[in-house]
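Report on the structure given below.
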Protein chains: 2
Amino acid sequence: MTFGGRHPGGESPQSPWRDRLPASVILTEVGPRDGFQFESAIIPTDLKIEFIRMLADAGFSRIQAVAFVHPEKVPQMADAAEVARRLPRRDGLTWSALALNLRGVERALDAGMERIEASVSASDAHSLRNAGMDRRAALGQGVAMIRRAAAGGATVIGGIQCALGCVFEGEIPIERVAEMVAEMAGAGADAITLADTTGMGNPLSVSRLLERVLPVAGGLEVGMHFHDTRGLGLANLAIALGFGIRSFDASVGGLGGCPFVPGAAGNIPTEDTVHLLAAMGIETGIDLERLKGCARALSVYLGRTLPGRIYRLDSPGSES
Amino acid sequence: MTFGGRHPGGESPQSPWRDRLPASVILTEVGPRDGFQFESAIIPTDLKIEFIRMLADAGFSRIQAVAFVHPEKVPQMADAAEVARRLPRRDGLTWSALALNLRGVERALDAGMERIEASVSASDAHSLRNAGMDRRAALGQGVAMIRRAAAGGATVIGGIQCALGCVFEGEIPIERVAEMVAEMAGAGADAITLADTTGMGNPLSVSRLLERVLPVAGGLEVGMHFHDTRGLGLANLAIALGFGIRSFDASVGGLGGCPFVPGAAGNIPTEDTVHLLAAMGIETGIDLERLKGCARALSVYLGRTLPGRIYRLDSPGSES
């Protein structure tokens, strides 16, 4: 063996990945939207409000509370207007809503939502299934949605679904996503969210996408939305942090995923993400203990163990 | 919004993290050792051999089959000598054994093991619990174990437990780990494995540890062993890949973890790791479909869903 030599794998042991880590991160809790909408049993509105209040009390600055989508296609969101009306006010907390078409944007504005995510898919196959139109038509509609929401006074997020691949279509060209970002920025989006809707992303594809997209996004905040279907959500987040990305969606307990598909998984669990960031010295302003309490309450209510790890760890003596 | 500008989070969008990604990775399957030893019910020897044969057929080049440890303390490994005798031979496959003291090394050599991991803890508190001596005494013993195993003709791994923190002791100084690596290298270790025994590591601590340890390790292969207790195993692996690390332990299905502690988790699931690496274009030589079959068979035998994600995803239409 040799000393003082170099590791065969690299030129230098210094890690450039950590040069651009952010000092703080804004987590958007999307459990009430992305999580609740995937539950097979509809959660009563009163109970939704209770869970939402617990989340608000955990110190989030952003929560995505509802989706204004077709009530027959997504009956779990049929009470969106009522939920929106009953959202508790908190200093420093901004509520947001998801919309998939112009009608959804109108309803979100009518409900007084200050922050609206106008979301379209980068995948033709996914767009045809979810929105009934190909991605070009969907992007045209997305641009109209962004303009309408901005004209209505809302802060607008341009959301791009399947930005890291599509389970139906496979790989999504990075150039396509870059073009969508440019169009959305041109239409007046205040922020962009790149969503790994079907959990296809990996650290390398995240890296390549951000290398290409960040220059196009210019000064816009670029956030990421990871699903943990293949267990790579937090690995992808770790790589994105190295690009200075400081806005991520996450779902309490890791809620979400299709209840009819074994192994399907939701968003990255918010409490696991808060733990990861705190361990790295990155501020979120979120009270981890309160958040763990929300996850435990939801686990009890839903009658199953949620994907999140941290909420299940009670004591320090947790391994051998 | 602005175009062509720079993302506020970073100087340049180019990712230096991926400059040193390895082209191939050697995964050591540790399920038969780290996994089986944590099962509350003892797996019959014949069945162990069956599972081990399935793993061998999945194309691994390294499998850690047994631990030579006290049969009363770890009854699950009481049949280690018999398992070692009955290991199936495969071209290109090296079997290894774990030892925690000199007696274990002697038994491993007697059993004809070609590769022996001499493992000691970097944590006093953990070492006192697991080995009955403080870490300095344990390191002295570790050096003797490495010398004995090398003298016996085995390839020797110096294993460092709790290299990324200890659930009992908290943070472990990086300098301490660097000194242990230097001592083990000096004693004749052929490789080093840095183990996150209690799942305390995070991407930043992994980065800092490797920055300090790789120069000390010189030309030795440095491998990593992550537990997924807090869901960070694959995130940690992704960061380690960026240092050119190309040796990792993993456990089929994510076996392992203390059965008496809710939420405790085992190693990173091998099949999830193979999927991650394959998605990044990194070769492992492992047949993912066969490996998923092993995980499914173990899940059926053990009567529970294992932590691994990939083995549960059957079809491409796996989300909404």
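Both backbone and side-chain heavy atoms feed into the values below; hydrogens, waters and symmetry mates do not. To find a chain, count down the sequence lines: A is the first, B the second, and so on, and within it residues start at 1.
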Nearest non-hydrogen partners of A:P307 and B:R309, listed with the distance: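 For A:P307 and B:R309, the tightest heavy-atom pair comes out as CB-NH2, 3.8 Å.
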
Atom of A:L204, atom of B:M280 and distance for their closest heavy-atom approach: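 Smallest heavy-atom distance, with atoms named: CD2-O, 3.3 Å.
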
Interatomic spacing from OG in B:S207 to CG in A:D19 - rounded to 0.5 Å: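 Output value for this atom pair is 9.0 Å.
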
A:P16 side chain near B:W17 side chain, heavy-atom distance below 4.5 Å: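 With C-beta onward as the side chain, the pair stays apart.
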
Side chain proximity check, B:R230 to A:I310, heavy atoms < 4.5 angstrom: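 Yes, side chains in contact.
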
Any donor-acceptor pair under 3.5 Å from B:N202 side chain to A:L276 backbone: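 It does not hold such a pair.
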
With A:R304 via salt bridge (Lys or Arg N to Asp or Glu O under 4.0 Å) - residues at least two apart: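 With neighbours one apart ignored, the set is A:E39.
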
Most contacts with chain B, counted as non-hydrogen pairs under 4.5 angstrom, among A:V213, A:L232, A:D272: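 Sorted descending by pairs with chain B, the first entry is A:L232.
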
Which atoms of B:P203 approach chain A - backbone, side chain, both or neither, heavy atom under 4.5 Å: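 Both parts, backbone and side chain.
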
Options B:L237, B:L234, B:I239, ranked by heavy-atom pairs under 4.5 Å with chain A, top entry: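 Max contact count across the listed options: B:I239.
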
All side chain to side chain contact (heavy atoms under 4.5 Å, CB included) counterparts of A:A195, not counting sequence neighbours: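 A:A195 satisfies side chain to side chain contact (heavy atoms under 4.5 Å, CB included) with A:T197, A:H225 only.
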
